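A short worksheet on the structure shown next.
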Amino acid sequence: KGKKKKKGGGAGGAGPSQEPEEGTEAPSEADAAEAAKKAEEARLLLLLETLTEERMRLGITPESQAAASAEVAEAARLGAAADEAEEDAEAE
C-alpha cells in the first residue's frame, strides 16, 4: 500500500495567508473617497433617469414647464403687490 497524501489544511500549509502582507494596507482614504464619488454619481444618474421617465409619463415638456413657471411667477408677483397694497392701506 502507498502513502496517502495530505489534502490541505493544518498550520504551515502553503496556501495564501489570511493576514495582509507587510507593505499592504487597507484601502486608503483617497480610494474610499473615489468609491463614494462613484456611488454618488451612480445614484444621481439613476435619479435623473427616474425623473426623465416620470416627466415623460406625466407629459411634462420644457414648454409646459416654462408656462407653469410663468404662471407661478405671476401669481407670486400679484400676491406681493396685494400684500404691499394692504400694508399701505393699514398705514393710512
Side-chain angles (χ1 to χ4, degrees):
K1 290 182 177 179
K3 289 187 177 181
K4 290 185 179 177
K5 292 185 179 181
K6 278 190 173 180
K7 292 186 177 178
S17 170
Q18 293 298 316
E19 296 188 18
E21 293 181 23
E22 223 172 282
T24 61
E25 298 177 11
S28 68
E29 286 184 26
D31 291 341
E34 183 66 23
K37 181 180 174 184
K38 286 184 179 183
E40 179 68 2
E41 186 177 305
R43 186 186 72 81
L44 289 174
L45 286 172
L46 181 60
L47 184 60
L48 179 60
E49 181 181 339
T50 302
L51 177 62
T52 301
E53 289 172 357
E54 284 297 298
R55 289 173 60 95
M56 289 171 51
R57 185 179 69 80
L58 296 170
I60 298 172
T61 65
E63 294 79 16
S64 67
Q65 184 173 356
S69 293
E71 287 180 27
V72 169
E74 179 67 9
R77 187 188 66 74
L78 291 174
D83 290 345
E84 189 175 318
E86 187 177 312
E87 289 173 6
D88 288 347
E90 289 175 0
E92 291 179 3

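Everything numeric in this text was worked out from a predicted model, so none of it was measured.
By the 4.0 Å N-to-carboxylate-O rule, K38 lies too far from E41 to be salt-bridged with it. Under a 4.0 Å N-O distance rule, the pair E40/K37 does not qualify as a salt bridge.
Here the OG1-CE distance, from T61 to M56, works out to 12.5 Å after rounding to the nearest 0.5 Å. A distance of 11.0 Å separates CD of E92 from CD of E90, quoted to the nearest 0.5 Å. Within the model, atoms CG of D83 and CG of D88 stand 11.0 Å from one another, a figure rounded to the nearest 0.5 Å.
You'll find the side chain of L48 reaches within 4.5 Å of the side chain of T52, heavy atoms only.
Smallest separation of non-hydrogen atoms from G59 and S64: O-OG, 4.1 Å.
The local environment of CD in E54 is crowded, with over 12 non-hydrogen atoms from other residues, nucleotides or ligands closer than 6.0 Å.
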